[in-house]
Amino acid sequence: MSAEPVNRPSASTGRLPQGEEVKQNVASRQQRGKLWQASLLFSVVVGLSVLLMLAWNIANDAFGGIAVQADVEVETLTDGRPLEDLTQPELVALLEENLRSRVLRNLNREQPLAERDAENLIEVVLLEIVKPEVVATYKLADFLFNRAEIEAQLAEDFPRAELEFKSWVRWDFIVNPMSSNPVYAGVRTALLGTLWLLMLTILIAFPLGLGAAIYLEEYQSDKIFDERTPAGRFFNRVIARSTSIISTNIYNLSGVPSIIYGMLGLAIFVRALENFTSGAMFGVGGDATANGRTIISAALTMSLLVLPVVIISSQEAIKAVPSTLRQASLGLGATKWQTIWKIVLPNALPGILTGTILAISRAIGETAPLIVVGASTFIVTDPTSIFSKFTVLPIQIYNWTSRPQDEFRAIAAAAIIVLLILLLSLNATAILLRNYLRSRRVT
């Protein structure tokens with residue numbers, strides 16, 4: 001039998017709606033539903049439009065055209081032959097003929113020219129003799145749609161310049177260290193510093209946050225001392241009250257500005273614990289890194305920054321595990337810790353990883369606390385240990401965007417793409433691991 005619609009008395013008249021009045025009410029509700037649906041669709045369209053505009057703005061700077069003008073034409077050096085056609089002895093002879101003796105001594109001190117391969121010698125020829133210089137940079141939109149005007153302007157201002165397409169996102173950009181010349185600058189040092197910082201932050205914040213969440217959710221109500229004695233009851237009340245205050249302040253700490261954590265890290269990890277964070281306690285490091293402005297100081301600071309997020313998300317994930325699973329495990333004779341380790345954590349781990357992903361996403365884009373702690377703005381030495389000086393991609397991006405040259409803004413956009421790829425790769429890995437664990441969890 002089909003269920004008959006139930007007509008309820010109207011609040012204003014106290015009678016049941018009849019006929020046309022019912023139809024009008026239904027039409028009015030449907031109209032309001034369609035209005036809300038249209039509003040939600042509009043919000044989605046606006047959000048996607050903003051994301052597309054952001055992506056286009058980054059791509060417009062990271063790709064485009066450059067006008068290159070060399071101090072010396074390659075054809076005049078090689079009698080019209082391409083550099084790639086010259087043999088290794090011919091390239092060595094070319095360098096010896098055109099470089100000063102001081103420059104040759106420096107090059108031979110780094111590595112004798114006779115022992116270098118042709119590819120390396122070509123790079124030396126370009127850098128030391130040809131010296132190509134970027135005289136103008138153009139965004140992707142201008143290069144595609146205003147190329148005729150650009151070529152006309154170049155013919156007037158720089159007759160010897162050549163216009164070519166330039167992708168600032170390239171393999172050399174990833175493997176090269178920083179440089180004052182944007183054409184040869186890379187993000188290798190900043191990328192390695194970011195990876196060092198992220199791995200250390202995860203290794204510190206994840207176990208601490210998970211352990212705190214387990215205690216607050218599973219052991220907070222347990223009585224540590226004997227309730228049969230006045231002293232035991234007193235200490236149990238003190239612990240319960242302190243734990244309640246800590247739980248409340250964890251939520252408050254998640255909203256503290258990141259610059260405050262940077263000042264805390266500067267006061268504690270850089271200055272108070274300088275003997276430890278500089279590596280002097282372990283006999284490593286030198287005068288350059290003895291001031292505590294190292295990777296471990298930054299990792300400890302970032303761990304404090306993301307710890308509230310890890311704790312809160314882990315608490316919510318543990319709380320979402322059905323209590324019937326705990327009761328069933330305890331009823332079968334398992335201890336409380338065995339229940340937590342074998343039942344609660346496997347079921348809560350997907351949610352815990354979700355919170356960790358959010359924490360990583362926040363940590364990878366932070367700049368202010370790292371600047372306060374002492375991250376370098378220009379460094380060409382790769383980090384080799386937790387006691388090394390460092391820089392990270394967000395700081396390098398900020399440094400390049402503050403430069404007046406268009407070329408630095410272009411490589412800043414390229415660095416943003418590298419940072420986004422790194423972030424998406426880490427998040428994708430965590431999501432795949434979360435989905436795998438979710439498929440194997442206890443039910």
Side-chain angles (χ1 to χ4, degrees), residues 51-78 80-86 91 118-191 393 396-397 399-425:
L51 288 177
L52 289 175
M53 291 172 59
L54 176 63
W56 167 250
N57 187 44
I58 296 174
N60 194 34
D61 285 333
F63 305 94
I66 57 173
V68 181
Q69 182 172 280
D71 289 352
V72 178
E73 295 292 340
V74 176
E75 291 76 9
T76 61
L77 293 173
T78 61
R81 297 171 60 189
L83 286 175
E84 292 76 10
D85 292 346
L86 298 181
L91 290 170
E119 183 178 356
N120 183 269
L121 291 173
I122 291 175
E123 292 182 4
V124 175
V125 170
L126 293 175
L127 287 175
E128 300 294 340
I129 302 177
V130 178
K131 296 181 180 179
E133 179 185 1
V134 178
V135 295
T137 305
Y138 305 97
K139 296 185 177 182
L140 181 60
D142 295 332
F143 181 77
L144 294 177
F145 305 112
N146 299 324
R147 186 160 183 172
E149 298 178 6
I150 292 174
E151 291 176 344
Q153 186 67 32
L154 284 177
E156 180 180 349
D157 297 338
F158 305 99
R160 295 192 298 110
E162 296 183 0
L163 181 64
E164 58 185 46
F165 175 78
K166 179 68 173 180
S167 172
W168 296 96
V169 184
R170 61 195 189 281
W171 181 247
D172 290 344
F173 180 71
I174 297 176
V175 299
N176 286 348
M178 298 180 192
S179 173
S180 58
N181 188 337
V183 178
Y184 306 108
V187 294
R188 186 186 70 197
T189 305
L191 182 60
L393 283 171
Q396 194 56 51
I397 293 170
N399 184 31
W400 281 337
T401 54
S402 62
R403 300 288 188 90
Q405 296 92 337
D406 293 336
E407 294 85 357
F408 282 106
R409 287 193 290 271
I411 60 176
I416 290 174
I417 294 177
V418 174
L419 178 62
L420 290 175
I421 292 174
L422 175 62
L423 175 61
L424 293 176
S425 300

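Note that these values count all heavy atoms, side chains included, but never hydrogens, waters or copies made by symmetry.
Heavy-atom minimum distance, W168 versus P182: CZ3-O, 3.8 Å. Taking every heavy atom of both residues into account, Q69 and A161 meet most closely at OE1-N, 3.7 Å. Scanning all heavy atoms of the two residues, the minimum distance from A185 to R170 falls at O-NH2, 4.3 Å. L91 approaches A118 most closely through the heavy-atom pair CD1-O, 3.6 Å. Summarising the geometry of L163 relative to I150, their closest heavy-atom pair is CD2-CG2, 4.0 Å, with the distance given to 0.1 Å.
Using a 30° and 60° split on the angle between ring planes, F173 and W400 fall in the tilted class, from 30° to 60°.
Atoms OG1 and CZ, from T137 and F143 in turn, are 12.0 Å apart once rounded to the nearest 0.5 Å. Taken to the nearest 0.5 Å, the CD1 atom of I411 stands 11.5 Å off from the CG atom of D406. Atom CG of L126 sits about 11.0 Å away from atom CG of L121, to the nearest 0.5 Å. We find the CG-CD distance between L191 and Q396 to be 11.5 Å, quoted to the nearest 0.5 Å. Note that CZ of F408 and CG of D61 are 14.5 Å apart. Values are rounded to the nearest 0.5 Å. Separation of atoms CG (L422) and CD1 (I417) is listed at 13.5 Å; rounding is to 0.5 Å.
F165 places a side-chain heavy atom less than 4.5 Å from the side chain of L140.
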>> Checking L144 against Y138 for the side chain to side chain contact (heavy atoms under 4.5 Å, CB included) test, could you report, in this order, the C-alpha distance in whole Å, the side-chain angles of both residues, the deciding distance, and whether it holds?
In response: CA-CA 10 Å; L144 294 177; Y138 305 97; over 6 Å; no
>> Let's go through L423 and L419 carefully: what are the C-alpha distance in whole Å and the side-chain angles of both, what is the deciding distance for side chain to side chain contact (heavy atoms under 4.5 Å, CB included) to 0.1 Å, and is it a yes or a no?
In response: CA-CA 6 Å; L423 175 61; L419 178 62; 5.6 Å; no
> Could you go step by step and tell me if I58 and L420 meet the side chain to side chain contact (heavy atoms under 4.5 Å, CB included) rule?
Replying inline: CA-CA 11 Å; I58 296 174; L420 290 175; 4.3 Å; yes
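Other residues, nucleotides and ligands place more than 12 heavy atoms under 6.0 Å from the NZ atom of K166.
Every residue two or more places apart in sequence or in another chain that forms a salt bridge (charged side-chain N to carboxylate O under 4.0 Å, His left out) with E151 is listed here: R147.
Using modelled atom types, no side-chain atom of N60 and backbone atom of W56 make a donor-acceptor pair closer than 3.5 Å.
Here the options are R403, R409, Q405, the test is side-chain contact (heavy atoms from CB on, under 4.5 Å), and the partner is E407; only Q405 passes.
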